[in-house]
Asker: 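Structure in structure tokens, see below.
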Amino acid sequence: MTSPGSEAPAPHRGRSVALLTAVSAVSAISPLIALPLITRAAGPTAFAEIAIGQALGTLAATLITFGWAVRGPVEAARSAHPARVFRASVLVRGTNSLIVLPLVALVAAIASHADDHALAIVSALAFSLQGLSVSWYAIGVGRPLLALVFDAIPRIVLNVAGAAAALLVGIPLLYPATLLVGTIAAFLGATWLIGLRERFSVRAIFGDAVSAYREGWRTALSAGLLTFSETAPLSTLGVVGSPAAIAFAPFDRVLKYGYIGVYMITSSFQGWVSSSDGEIALRRMRRTIGLHALLALALGAGFALVVPWATPVVLGAGFEVTPPTALFGGIALAAMTIATALGLCVVLPSGRDGAYLTAVCLGALLITPAVIAGAGIAGVTGAAAGVALVQLATLAALATASAPVLRGR
């Protein structure tokens with residue numbers, strides 16, 4: 001029997017992909033399980049504070065991660081000493097945290113609509129620490145148990161426990177505070193198990209970290225810009241003081257949970273594609289895109305049809321999403337699903353980092369003006385339309401970059 005920190009033999013890679021996908025799905029739905037408790041504990045106004053903090057924290061987590069969630073599975077899968085890759089990531093992400101956390105707290109205070117700003121600030125810090133996740137390493141080495149023990153289970157427990165405590169006590173701040181403390185504990189446990197139980201060279205860690213900064217900045221920039229394009233809508237509406245911000249928050253959160261689920265599922269395929277080359281890799285790429293096309297259709301249609309009636313039932317009064325808004329959300333989610341698969345499983349594994357960066361730059365440049373203009377014209381529905389248009393533009397750019405690869409050229 002293997003321990004959570006051990007590596008999977010190559011013959012079990014296919015089974016690991018399926019298990020990692022299942023674990024990722026469990027991890028993705030954990031916030032959704034807690035969401036009805038959070039909305040009822042906080043109400044629309046306080047929930048908007050949590051949502052603004054989560055949007056900012058998600059971007060900060062990407063900056064902390066410095067691209068490890070994108071390139072990490074590939075490096076771990078191909079490395080003869082994957083624990084060394086993890087140790088370098090710990091130093092890089094820890095250093096980034098010292099810089100990013102104070103900045104995201106300041107921005108959260110500016111974007112907050114409350115008097116004391118505490119709920120937005122603590123939420124931003126809690127979700128920022130998701131950048132310390134071990135899931136990318138588990139994907140790279142093909143160890144579903146590692147992701148289950150240090151990512152999926154803690155997420156479920158912390159989300160449900162924190163939301164339940166906030167509801168029972170009537171203090172919404174308990175939810176992000178629970179996430180903050182629990183995420184740090186899970187990270188410390190994973191770091192000890194994976195990186196500190198064996199002998200290692202401190203000098204080698206510093207050398208690997210310097211190399212990671214030097215060689216990984218393009219991927220980190222791409223990941224940061226991509227996350228910015230997906231988290232900016234609500235943050236932007238909050239910073240500019242748009243009256244649509246509070247009503248946009250429930251739509252934004254449900255859509256972002258869809259995004260999270262897609263990323264986790266797609267990243268499970270990333271190590272599978274990257275562990276092969278030649279015709280085998282090409283077949284795996286095509287199969288991955290085909291599966292994601294079906295997933296995109298299901299998710300897009302489900303969002304458009306289910307969200308309008310399910311949101312007020314599940315989240316409570318004051319959290320309605322209109323059918324036109326949900327339709328644009330479904331389009332955005334479907335486009336994002338295919339674009340993510342093309343980027344992570346075709347463009348990046350084929351070495352076309354420049355094309356990937358160009359595509360995400362396009363989305364980052366368009367998102368703020370699209371959302372502000374859309375909100376000014378048609379409120380929440382207009383902002384959702386802006387999000388959908390940006391996702392379609394990003395998909396078009398990634399499809400153009402992927403076409404030669406998928407044709408075998």
Asker: Give a yes or no on whether I280 atom CD1 has more than 12 heavy-atom contacts from other residues, nucleotides or ligands under 6.0 Å away.
Answerer: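 At most 12 heavy atoms, drawn from other residues, nucleotides or ligands, come within 6.0 Å of this atom.
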
Asker: Kindly determine whether L167 and Y175 satisfy side chain to side chain contact (heavy atoms under 4.5 Å, CB included), including the steps that lead there.
Answerer: CA-CA 9 Å; L167 180 62; Y175 171 65; over 6 Å; no

Asker: In Å and rounded to the nearest 0.5 Å, what is the OG to CG distance from S135 to L148?
Answerer: 12.5 Å

Asker: May I have the step-by-step check of side chain to side chain contact (heavy atoms under 4.5 Å, CB included) for M336 and Y263, ending in yes or no?
Answerer: CA-CA 9 Å; M336 176 269 178; Y263 277 126; 3.4 Å; yes

Asker: Taking all heavy atoms of E49 and all of L119, pick out the closest pair and write down the distance.
Answerer: CB-CD2, 3.9 Å

Asker: Under 3.5 Å, side chain of T311 to main-chain N/O of P308, donor-acceptor pair present?
Answerer: no

Asker: Would you please test V134 and I194 for side chain to side chain contact (heavy atoms under 4.5 Å, CB included) and show each step?
Answerer: CA-CA 10 Å; V134 71; I194 299 169; 3.4 Å; yes

Asker: Just by distance, do the side chain of T358 and the backbone of G354 share a donor-acceptor pair under 3.5 Å?
Answerer: yes

Asker: For S229 and G363, indicate whether the former's side chain and the latter's backbone hold a donor-acceptor pair under 3.5 Å.
Answerer: no

Asker: So, taking the atom named CG in L101 and the one named CG in L129, what distance separates them when rounded to the nearest 0.5 Å?
Answerer: 5.5 Å

Asker: Are the side chains of Y257 and I260 in touch, meaning some heavy atoms are under 4.5 Å apart?
Answerer: yes

Asker: Judged by atom type as modelled, is there a donor-acceptor pair below 3.5 Å linking the side chain of D252 to the main-chain atoms of F248?
Answerer: no

Asker: S123 and Q54: side-chain donor and acceptor closer than 3.5 Å?
Answerer: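 The answer is no; no qualifying pair exists.
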
Asker: Hey, does L291 have a side-chain heavy atom less than 4.5 Å from the side chain of L295?
Answerer: no

Asker: To the nearest 0.5 Å, how far apart are CG in L179 and OG in S128?
Answerer: 11.5 Å

Asker: Where the side chain of R93 meets the backbone of L132, is there a donor-acceptor pair that is under 3.5 Å apart?
Answerer: yes

Asker: Just to verify, which of I205, V210, D208 counts as forming a side chain to side chain contact (heavy atoms under 4.5 Å, CB included) with L91?
Answerer: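 Result for side chain to side chain contact (heavy atoms under 4.5 Å, CB included) with L91: I205.
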
Asker: Is L342 close to I289 at the side-chain level, that is, under 4.5 Å between some pair of heavy atoms?
Answerer: yes

Asker: Determine the minimum heavy-atom distance between A165 and L174, stating which atoms define it.
Answerer: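 Of all heavy-atom pairs spanning A165 and L174, the closest is O-CD1, 3.7 Å.
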
Asker: Quick one: pull up CD1 in I246 and CG in L234 and give me the separation to the nearest 0.5 Å.
Answerer: 10.5 Å

Asker: Would you call T340 and L226 a side-chain contact if the rule is heavy atoms closer than 4.5 Å?
Answerer: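 No, too far: nothing below the 4.5 Å cut-off.
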
Asker: Below 4.5 Å, heavy atoms only, C-beta onward: do R284 and F269 meet side chain to side chain?
Answerer: no

Asker: L103 and I99: which non-hydrogen atoms are nearest, and at how many Å?
Answerer: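 For L103 and I99, the tightest heavy-atom pair comes out as CG-O, 3.4 Å.
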
Asker: Is there a donor-acceptor contact under 3.5 Å from the side chain of T227 to the main chain of G224?
Answerer: no

Asker: Please report the interatomic distance OG(S402) to CD1(I338), rounded to the nearest 0.5 Å.
Answerer: 11.0 Å

Asker: Quick check against the 3.5 Å criterion: does Y137 have a side-chain atom that pairs as donor or acceptor with the backbone of G72?
Answerer: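 No; judged by distance alone, with no hydrogens or angles, the pair does not exist.
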
Asker: Taking C-beta and beyond as the side chain, do F187 and V90 meet within less than 4.5 Å on heavy atoms?
Answerer: yes

Asker: Indicate the atoms forming the closest heavy-atom contact of A396 with T400, along with that distance.
Answerer: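 For A396 and T400, the tightest heavy-atom pair comes out as O-OG1, 2.9 Å.
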
Asker: So do V371 and V387 actually touch side chain to side chain, heavy atoms under 4.5 Å?
Answerer: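 Touching, per the 4.5 Å side-chain cut-off.
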
Asker: What is the minimum heavy-atom distance between A384 and T325, and which atoms define it?
Answerer: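 That closest heavy-atom pairing would be CB-CG2, 3.8 Å.
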
Asker: Would you check if V347 and V405 make a side-chain contact, meaning some heavy-atom pair closer than 4.5 Å?
Answerer: no

Asker: If only atom types and distance count, is the side chain of S89 paired as donor or acceptor with the main-chain N or O of F86 below 3.5 Å?
Answerer: yes

Asker: Search all heavy atoms of L37 against all heavy atoms of A163 and return the closest pair with its distance.
Answerer: CB-CB, 3.7 Å

Asker: Mind checking the CD-CG spacing from E230 to L225? Nearest 0.5 Å is all I need.
Answerer: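 With rounding to 0.5 Å, CD (E230) is 11.5 Å from CG (L225).
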
Asker: For the pair T394 (side chain) and V360 (backbone), establish whether a donor and an acceptor sit closer than 3.5 Å, ignoring hydrogens and angles.
Answerer: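 No; judged by distance alone, with no hydrogens or angles, the pair does not exist.
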
Asker: Might you work through the side chain to side chain contact (heavy atoms under 4.5 Å, CB included) test for T231 and L56, ending with a clear yes or no?
Answerer: CA-CA 7 Å; T231 59; L56 292 169; over 6 Å; no

